[in-house]
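Read the structure below first, then the notes.
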Amino acid sequence: MSQKKPVFQEVAGSLSTRIRRRELTPGMALPSENELCRQFSISRFSVRKALDILEADGLIFRQPGIGSFVCENPQQARAPKTLNIAITGSGGDFNPYIAEVFDGAQKICSGENARLVYCPTEEFIARNGGDMDGLILMTTRETPEDFRQLNAISGNGIPVVLINRFSDLPNLAYATVDYELESRRALELLFRMGRKRVGLIQTASLSPYANQTRAAGYREACRQAGRPELVCTVDCGGVSAISTLEDFLRKEQPDALFVTVQRLLDYVLLAGRTAGRGIGQDLAVMCFDKVDLSLPGQEEVMYIDMPLAEMAASAARFIIARRRGENVPMMRTLSNVRFVFSSNTL
């Protein structure tokens, strides 16, 4: 069950809504701090934090010893303070999607007086969020302890949104694709195309979460369809990887391959050509990650396209709304993918 956001943000959101709806009109005095304490059953400290947010957003002004008042024209009040949203996810692990995530979030930030700041996960945790107003995280090799600490930071009012990772921790928001489900759907598509022996090409050295969940979808689809599991685990290591794949193709004679991560695709295509297989003809190739079909050799590869820019935009909107006191529900969104292939694939 999701934990509620800090009470002072809820109070700020409630008062902000009343001001923007002109229930509290320009020039009107807000209830005193004591009255607000009674109305919302909160401490004076929380009331002052809520008023700080409204003042930073240009909705009220304060006169020491007198009280707080609605700005004369709150709709044209000064711009809210600039928000700093941390973004991380590249690190030392190859991530083909970080540019899409950045661009999607940036489109929202540019119109909301917010900016993206690259911040490694370990630094964000070590500084307990520091001067950041939120975090958009494309997870790579974070540990369970990292997620527990991020959950605590988010519970203290600095929202954390995971991209492409589920979490049952109460304070962590997420926007994700269900890797296992979409992998099953990809295999079902290959089966409907008449492919009977679909090989799984995976690696233990990159993106363990992606590999494990996508491989689980492959295995479940094979089980449900009564098809054999043909598994090849590749160590991304040049000639040895190509040799491993060639041996697999000659021994198992698959008529299709499901590739868990894009980093393996070049090895797969080279091994296929070396083994005399026609990509898109007697050997269909489906890659979970995005593929540039304009590149030579990749034009017959099918791939799964995830709406990462839209997911990142939603994450940015959520963080901005939370930090500006709006009463928005916890973000827990599941996105659909689309399957992309050339006109010659079928």
Pair T143-D146, side-chain donor/acceptor within less than 3.5 Å: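 Checked: T143/D146 side chains pair up, N/O donor to acceptor below 3.5 Å.
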
Just by distance, with hydrogens left out, do Q202 and T233 show a side-chain donor and acceptor under 3.5 Å apart? yes

Restricting to pairs with a member in residues 288-340, which pass ring pair (Phe, Tyr, Trp, His ring centres under 6.0 Å), not counting sequence neighbours?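 Sorted pair list: Y179-F288.
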
When you measure from the side chain of T88 to the backbone N and O of C119, does any donor-acceptor pair fall under 3.5 Å? yes

Is the shortest side-chain N to carboxylate O distance from [X] to [Y] below 4.0 Å?
X    : Y    : value
R332 : D168 : no
R195 : D255 : no
E142 : R165 : no
R185 : E188 : no
D289 : R214 : yes

Expected list for residues 218-225: side-chain donor-acceptor pairs under 3.5 angstrom, two or more places apart:
{"unit_1": "Y218", "atom_1": "OH", "unit_2": "V198", "atom_2": "O", "d": "2.6"}
{"unit_1": "Y218", "atom_1": "OH", "unit_2": "L230", "atom_2": "N", "d": "2.9"}
{"unit_1": "Y218", "atom_1": "OH", "unit_2": "L230", "atom_2": "O", "d": "3.4"}
{"unit_1": "E220", "atom_1": "OE1", "unit_2": "R223", "atom_2": "NE", "d": "3.1"}
{"unit_1": "E220", "atom_1": "OE2", "unit_2": "R223", "atom_2": "NE", "d": "3.4"}
{"unit_1": "E220", "atom_1": "OE2", "unit_2": "R223", "atom_2": "NH2", "d": "2.6"}
{"unit_1": "E220", "atom_1": "OE2", "unit_2": "Q224", "atom_2": "NE2", "d": "2.8"}

Path from L334 to M306 over hydrophobic side-chain contacts below 4.5 Å: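 Yes, L334 and M306 fall within the same hydrophobic cluster.
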
Answer with yes or no whether the hydrophobic clustering places F69 together with L36; edges join I, L, V, M, F, W, Y residues whose side-chain heavy atoms lie under 4.5 Å apart.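 No, F69 does not connect to L36 through the hydrophobic network.
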
Once the angle between the rings of Y174 and F166 is folded into 0 to 90°, is it parallel (under 30°), tilted (30 to 60°) or perpendicular (over 60°)?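 Answer is perpendicular, since the angle exceeds 60°.
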
